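Predicted, not measured: the structure shown is a model, and the values here were computed from it.
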Amino acid sequence: MSVTQSWQQCRTAQFSATWSASGTVITVDGELDAANSDQLAVYVERNARRASRVIVDMRDLDFIGTAGFSALHRINVVCSGAQLSWAMVPSPAVRRLLRVCDPDGTLPVTTPIEEPLLERVAAHDARPLLQLVAQAR
């Protein structure tokens, strides 16, 4: 399985993308608010084009404001227009926001257990790193 990665620091949040033959996983860490939510939407749009399945992993997101919901809605519109399958894995903060802003559950939500793409990426990330050591004389 070929996996490549991209990373972006953006104010109080970090975005990273991991691509494999089965799809793209975009991980969001930190805090998502009006200062950086548009950048997340642009980042997802730019990186989602590489696969037909996109997962936005927000499990490590500590805070999300209403601007973050707007970004998620924009991601939904873009993915639907491009006929890309996508879903998010929410943190407790994202779940709270979705209860208020998306009570009908129109945005796609998944869990790590339901999403084999997350397992494949995690298995790749769990491989031990090789360390170069000087040869003993």
Side-chain angles (χ1 to χ4, degrees):
M1 170 175 75
S2 172
V3 175
T4 56
Q5 294 184 317
S6 163
W7 180 83
Q8 178 177 337
Q9 175 74 36
C10 192
R11 291 204 176 249
T12 58
Q14 297 175 14
F15 314 139
S16 65
T18 305
W19 307 279
S20 71
S22 20
T24 302
V25 175
I26 296 175
T27 304
V28 184
D29 298 327
E31 299 179 355
L32 194 60
D33 54 26
N36 58 15
S37 60
D38 282 340
Q39 291 154 329
L40 172 64
V42 169
Y43 187 82
V44 172
E45 287 174 40
R46 186 174 59 235
N47 289 288
R49 297 182 186 140
R50 297 182 180 221
S52 60
R53 177 88 173 133
V54 177
I55 299 299
V56 180
D57 185 355
M58 305 177 95
R59 288 178 288 179
D60 292 329
L61 197 64
D62 300 321
F63 171 82
I64 183 169
T66 54
F69 177 76
S70 295
L72 292 173
H73 178 69
R74 180 175 160 188
I75 291 165
N76 191 46
V77 168
V78 167
C79 288
S80 295
Q83 298 181 340
L84 294 173
S85 172
W86 89 283
M88 75 179 100
V89 181
S91 69
V94 175
R95 279 192 209 97
R96 280 191 300 274
L97 182 73
L98 291 176
R99 277 196 302 270
V100 173
C101 295
D102 188 28
D104 297 328
T106 56
L107 294 179
V109 175
T110 189
T111 67
I113 294 170
E114 296 171 341
E115 191 47 58
L117 183 57
L118 285 174
E119 290 177 18
R120 287 187 197 106
V121 170
H124 177 273
D125 291 344
R127 292 184 316 174
L129 297 176
L130 299 176
Q131 182 176 5
L132 297 176
V133 181
Q135 198 171 26
R137 293 185 187 215

Check: Ala17 main-chain N/O paired with Asn47 side-chain donor or acceptor under 3.5 Å: no
Non-hydrogen side-chain atoms of Glu115 and Val25 separated by less than 4.5 Å: no
Sub-4.5 Å side-chain heavy-atom contact between Leu72 and Ile64: yes
In one Ile/Leu/Val/Met/Phe/Trp/Tyr side-chain cluster, 4.5 Å: Leu107, Leu97: yes
Gap separating the CD atom of Gln39 from the CZ atom of Arg46, nearest 0.5 angstrom: 10.0 Å
With Ser80, the side chain to side chain contact (heavy atoms under 4.5 Å, CB included) member among Val77, Leu84, Asn76: Asn76
Steps toward side chain to side chain contact (heavy atoms under 4.5 Å, CB included) verdict (Phe15, Val44): CA-CA 9 Å; Phe15 314 139; Val44 172; over 6 Å; no
Side-chain touch His73/Cys101, heavy atoms, less than 4.5 angstrom: no
Atom of Ser37, atom of Ala71 and distance for their closest heavy-atom approach: O-CB, 3.4 Å
Joint hydrophobic cluster, Met58 plus Val109, side-chain heavy atoms closer than 4.5 Å: yes
Stepwise side chain to side chain contact (heavy atoms under 4.5 Å, CB included) test for Thr18 and Thr27: CA-CA 8 Å; Thr18 305; Thr27 304; 5.6 Å; no
Heavy-atom pair with the smallest gap, counting every atom of Ala41 and Ile75: CA-CG1, 4.1 Å
Non-hydrogen side-chain atoms of Phe69 and Leu98 separated by less than 4.5 Å: yes
Trace of the side chain to side chain contact (heavy atoms under 4.5 Å, CB included) decision for Arg74 with Val42: CA-CA 9 Å; Arg74 180 175 160 188; Val42 169; 3.5 Å; yes
Interatomic spacing from CG in Leu61 to CG in Asp29 - rounded to 0.5 Å: 8.0 Å
Under 3.5 Å donor-acceptor, Asp33 side chain and Ala35 backbone: yes
Short side-chain to backbone donor-acceptor contact, Asn36 and Glu31, under 3.5 Å: yes
Considering all heavy atoms, the nearest Ser91-Arg59 contact: CB-O, 3.5 Å
Least distance between heavy atoms, Trp86 atom then Cys79 atom: CD1-CB, 3.6 Å
